[in-house]
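Right, one structure below, let's go through it.
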Amino acid sequence: QVVVVNFWATFCPPCLREMPMLAKLQRDYAAQHVLVLGVAVEPFERRMFVRQLAQQKQASFPIWIGASTQHMEAFGLGTALPGTALVGREGQIVARLVGELNETQLRGLVDQAIARKP
């Protein structure tokens, strides 16, 4: 499985702009075993607000709530939001994207990750 790990927060306008595109990516690539995982850099106590906002933005993918910038750093993304890591089929990070996503670029990287033979 290829996983698009997207770190975001409710206070980050570029993060919120990306959500509908990521939901569409999840729908378009689901049959090819691509999973989008939203990672909310928000305290767990804000989970209801995070869920409501994600629902408003049509985020139909799973969301992990309670991440921190330390988690971002573990993925090699630094601390600036948004940040996205693309994890290949064998569990290695095959791409890192810092800042607002470009849909064409992301889809190209996902296609490359799918085409890689395990």
Side-chain angles (χ1 to χ4, degrees):
Q1 186 169 34
V2 173
V3 183
V4 177
V5 182
N6 177 257
F7 288 87
W8 67 283
T10 58
F11 56 83
C12 168
C15 300
L16 301 178
R17 285 193 298 267
E18 292 176 342
M19 291 189 111
M21 182 266 292
L22 289 167
K24 185 175 184 327
L25 183 99
Q26 173 70 57
R27 288 189 305 274
D28 292 351
Y29 283 89
Q32 295 167 301
H33 306 287
V34 173
L35 172 71
V36 173
L37 174 63
V39 182
V41 182
E42 299 273 351
F44 187 72
E45 295 75 32
R46 292 179 44 92
R47 67 188 173 280
M48 294 306 289
F49 179 68
V50 170
R51 286 183 185 146
Q52 287 174 341
L53 188 58
Q55 194 171 42
Q56 287 172 2
K57 294 293 181 179
Q58 303 170 347
S60 54
F61 46 85
I63 296 178
W64 166 29
I65 301 169
S68 70
T69 54
Q70 289 176 325
H71 293 107
M72 292 180 69
E73 289 175 325
F75 276 83
L77 295 169
T79 60
L81 291 167
T84 305
L86 183 61
V87 180
R89 294 174 192 232
E90 294 191 3
Q92 316 92 318
I93 296 173
V94 296
R96 291 176 180 87
L97 302 161
V98 177
E100 190 167 354
L101 292 170
N102 172 295
E103 184 173 4
T104 303
Q105 178 188 23
L106 179 60
R107 284 178 179 265
L109 292 168
V110 169
D111 289 338
Q112 288 174 15
I114 291 169
R116 282 195 181 116
K117 301 294 178 205

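Numbering of residues begins at 1 and proceeds along the displayed sequence.
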- Message: Could you check whether any side-chain heavy atom of Val2 comes within less than 4.5 Å of a side-chain heavy atom of Tyr29, counting everything from C-beta outward?
- Response: no
- Query: Pick from Pro82, Cys12, Pro13: which one makes a side chain to side chain contact (heavy atoms under 4.5 Å, CB included) with Glu18?
  - Reply: Pro82
- Item | Joint hydrophobic cluster, Leu106 plus Ile93, side-chain heavy atoms closer than 4.5 Å | no
- Message: For a 4.5 angstrom cut-off between non-hydrogen side-chain atoms, does Arg107 reach Met21?
- Response: no
- Closest heavy-atom pair, Val50 versus Ala40, reported as atoms and distance to 0.1 Å, is CG1-CB, 3.9 Å
- Item | Residue pair Leu81 / Met72, side-chain heavy-atom distance below 4.5 Å | yes
- Task: Take atom CD of Gln70 as the centre, draw a 6.0 Å sphere, and report whether it contains more than 12 heavy atoms from other residues, nucleotides or ligands.
- Result: no
- Query: Quick one: does Ile63's side chain get under 4.5 Å of Trp8's, heavy atoms only?
  - Reply: yes
- Task: Kindly work out whether a path of hydrophobic side-chain contacts (I/L/V/M/F/W/Y, heavy atoms less than 4.5 Å apart) joins Val110 to Leu22.
- Result: yes
- Message: For the CD atom on Gln55, are there more than 12 heavy atoms of other groups (residues, nucleotides or ligands in this structure) within a distance under 6.0 Å?
- Response: no
- Note on the structure: So CZ of Arg27 and CZ of Phe61: to nearest 0.5 Å the spacing works out to 10.0 Å
- Atom CD of Gln58 with >12 non-hydrogen neighbours under 6.0 angstrom: no
- Query: So which heavy atom on Met19 is nearest to which on Ala59, and how close?
  - Reply: CE-CB, 3.8 Å
- Give me the one residue out of Leu109, Val5, Val34 that meets side chain to side chain contact (heavy atoms under 4.5 Å, CB included) with Leu86. Leu109
- Query: With sequence neighbours left out, what residues match His33 under side-chain hydrogen bond (donor to acceptor under 3.5 Å, both in side chains)?
  - Reply: none
- Item | Straight-line distance of Arg116 CZ to Gln92 CD, nearest 0.5 Å | 8.5 Å
- Query: In terms of hydrophobic clusters joined by side-chain contacts under 4.5 Å, are Val94 and Ile114 together?
  - Reply: yes
- With hydrophobic residues grouped by side-chain heavy-atom distances under 4.5 Å, do Ile65 and Phe7 end up in a single group? no
- Query: Any side-chain heavy-atom pair from Leu101 and Arg17 closer than 4.5 angstrom?
  - Reply: no
- Item | From CZ (Arg51) to CG (Leu53), nearest 0.5 Å | 13.0 Å
Check residues 41-48 and write down every donor-acceptor pair under 3.5 Å in which the side-chain atom is one partner and the other belongs to a residue at least two apart or another chain.
from: Glu42; atom 1: OE1; to: Arg46; atom 2: NE; distance (Å): 2.8
from: Glu42; atom 1: OE2; to: Thr10; atom 2: N; distance (Å): 2.6
from: Glu42; atom 1: OE2; to: Thr10; atom 2: OG1; distance (Å): 2.5
from: Arg46; atom 1: NH2; to: Thr10; atom 2: OG1; distance (Å): 3.0
from: Arg47; atom 1: NH1; to: Phe44; atom 2: O; distance (Å): 3.3

- Item | Separation of Leu97 CG from Leu77 CG (nearest 0.5 Å) | 8.5 Å
- Query: Are Val98 and Val36 joined in one hydrophobic group, where the rule is that I, L, V, M, F, W and Y side chains link up if heavy atoms are under 4.5 Å apart?
  - Reply: no
